[in-house]
Number of protein chains: 2
Amino acid sequence: MIGQQVADSIERRSGVSLWRQIADRILQAIAIGDFAENAALPPEVALAERYGVNRHTVRSAISALVQEGVLRAEQGRGTFVLSRKRLSYPIGARTRFSAGLQGQTSERHIVLLSSSIEPASQRVAEGLGLARGADVMRLETRGEADGRSVSRAASWFDARRFAGIDEAMAQTGSITASLARFGIDDYLRQSTVLSARHADAADLADLDLQPGAIVLVTVAVNVTPNGQPIQFSESRFPAERVELKLSAL
Amino acid sequence: MIGQQVADSIERRSGVSLWRQIADRILQAIAIGDFAENAALPPEVALAERYGVNRHTVRSAISALVQEGVLRAEQGRGTFVLSRKRLSYPIGARTRFSAGLQGQTSERHIVLLSSSIEPASQRVAEGLGLARGADVMRLETRGEADGRSVSRAASWFDARRFAGIDEAMAQTGSITASLARFGIDDYLRQSTVLSARHADAADLADLDLQPGAIVLVTVAVNVTPNGQPIQFSESRFPAERVELKLSAL
DNA sequence: TATAGTTGTCTATATCAATAGACAAATCTG
DNA sequence: CAGATTTGTCTATTGATATAGACAACTATA
C-alpha cells in the first residue's frame, strides 16, 4: 500500500449513495497516482471486500466511471484506467489561464459563452470599487484544455471603462489580450478566496460533469499594478480534473 | 434576491440524495450571507417550491441541519439560522494557524491526536528532500477555533532532526512554538496544492461532520528562509465551515 | 484444452429516498 | 377569540439503492 492510503470505510445513510462514494474514491486514487494510466483496477470482488460492500455496488460505481470515460471494462480481462491525472492549475499573483497550463496540455483556450450588462450586486461593487448598482459588463466563459472543460467562470468589468470587452474576448479568446486593447499591459491578482461545494445543475452542463461532482470555487479580484481593480471573477473548477497549485509570488 | 443567486435546480438520480443537495444549498446560502444570523428561513412550502421537490424532502434537509446545529426549528414560528458564516483561513507565504484566524475567533489551538515514526512514503520523501524510506515523524493534529473543529492535518518531519517534536507539540499546542525549540525562528510556505473531495469516514469523525460533507485538501511544504524543507503536511478543512483566503505575500 | 479468474446478466428481496395527502399542534395577527 | 401561517406527525405508495446468489460469457494460462 502506497503512502498513507487509509483503508477508510464508506458511510451509510449519508445522503450520498455508496456507489457514488466509491466512484469518488476510485477517481481520487487515480488522480493521486495510485493507479497508473492503462493499469488494471483490482477485480470487482476485491474492491467490494475492500470497501465492505456488495459486488453489485462496486459495479454501479465502475459503470458510472465508464460512462464518464475514466475507465474501460473488458469482459474476462479486467477494468482499466483511461483518464489522465488532474491538471495542476497555478494560482498566484500572476495567474493567467494559458500561461499556467503550459507544458501540461497542447491546446487550451477560453470560450465566451455570453455577455450582458447588469447593475453591480453588492459583492461585485465591493470587488471593483464601484457604487452598488453601477453598470457592469458580465462575461460568462469556459476554459478548455485538450478538449476537456477545466473551468467555468463569470467575470465582471466596469461597463464604462471596458465597453466592448465582450467583443474583444470573442475575437481573442484571451482575457489578457482583451485587456491589452484597453491599455492594460499588466495586472495582478489582488485577492483570491477559495471554497468547494457540490456542482449545481449549471456546472454539470457547462463542465460536462456527472451529478454529485465537486467543484472548487475561487472568487478573485484582479488589479492594475498600481492597485486599481479591473476584474472581479468567480471561477469553478471540477475537483476531479483540476487541482490548484498556489505559488506565493 | 441578492447577488446572482442562481435559482439552480436539483439533480435527480445523481447518487447524491435530494435532501443532501438541498442541505448543501442552504449551508452555502448561509455561508455566503444570504441569510443573516438568527434570520428565519423561508417556510418549508416555499423552499419545496423553489427547489421543485416535495415538502417532506425539504424537511429531511432541514432536520439534517438541525441535527448538525446549523438551524433551529420552532413549531408554529419558523426555522432559524444559528450558525456563523465560514471562517476565512488565510494561506500565503507565512501561513500560521493561530495568527491567521486572529480577530475572527476568540479562542483557537491545535490538538495533537497522535504521533508515530514511520518510513517516508514517496511523496513525503520528495516533499522533505529525504531518501524514500527514511525515518519521519508523523503528527496527526486537529485545529479548533471557538470549540469548532476547523482543520485536520497530518504533518511529517525528519525524525532525526526533529526528534521529540511530538512532545513539544503536545506541550505548546503550536507548530511555530515547537519548531522554535529546534532553532527554527522563521519558516515559509514553499508550495501548496489544493483540491477537494467528499469527506471520508475518518474526516467525518475527526471534524464532526455529517456524511456527504465536502473537505478542502491542501498539501503543503514549509521551508526555512534559506529553502531547506522542514515540514510536509496534508490538511483537510470542512468546506461548510472554512474558506481559504489566498494572500500573495 | 481444461481451469481459474474476470466481467456481464438475471432474479429476488430489503431498505432508503421521494412523493402525496391529511390533519394536529403551536404561534402570530387582526 | 378567530383565522392564517408554520412546523410536526402519520399513513400510503413509488422508485432508487443495496444485498444476495446463481450462472453465462469471455480471457489468459498452465
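By convention in this document, chain letters (A, B, ...) are assigned in the order of the sequence lines, proteins followed by strands, and residues within each chain are numbered from 1.
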How close or far is atom P of D/dA18 from atom CD of A/Glu49, stated in whole angstroms? 19 Å

Of all the choices, D/dA20, C/dT7, C/dA20, which nucleotide is nearest to the side chain of A/Asn54 once you look at every atom? D/dA20

Using atom CZ of B/Arg77 as one end and atom P of C/dT29 as the other, report the distance to the nearest whole Å. 10 Å

Whole angstroms only, please: what is the CD1-P distance between B/Ile62 and D/dT7? 7 Å

Could you pick out which residue, A/Val45 or A/Val16, lies toward the 5' side of DNA chain C when each is mapped onto its nearest nucleotide? A/Val45

Where the side chain of A/Leu18 is defined as all heavy atoms beyond and including C-beta, which of C/dA18, C/dG8, D/dA18 is the nearest nucleotide? D/dA18

Cationic N near anionic O, under 4.0 Å, A/Arg241 to A/Asp208: no

Does a side-chain N or O from B/Thr57 land closer than 4.0 Å to OP1 or OP2 of C/dT19, or not? yes

Determine yes or no for a side-chain-to-main-chain donor-acceptor pair under 3.5 angstrom, with A/Ser149 supplying the side chain and A/Leu207 the backbone. no

Closest nucleotide among D/dT7, D/dC26, D/dT19 to the A/Gln75 side chain: D/dC26

Heavy atoms from C-beta onward define the side chain here; which of D/dG8, D/dG21, D/dA25 lies closest to that of A/His56? D/dG21

Using whole Å, what does the distance between atom P of nucleotide C/dT6 and atom CZ of A/Phe80 come to? 11 Å

Can you work out whether B/Trp19 or A/Arg59 has the more 5'-proximal nearest nucleotide on DNA chain C? A/Arg59

Anything below 3.5 Å on both distances counts as a pair; with that, list the stems of at least three consecutive Watson-Crick or G-U pairs involving DNA chain D. C:1-30 with D:1-30

Can you figure out which of C/dA18, D/dT27, C/dG8 approaches the side chain of A/Arg55 most closely? C/dG8

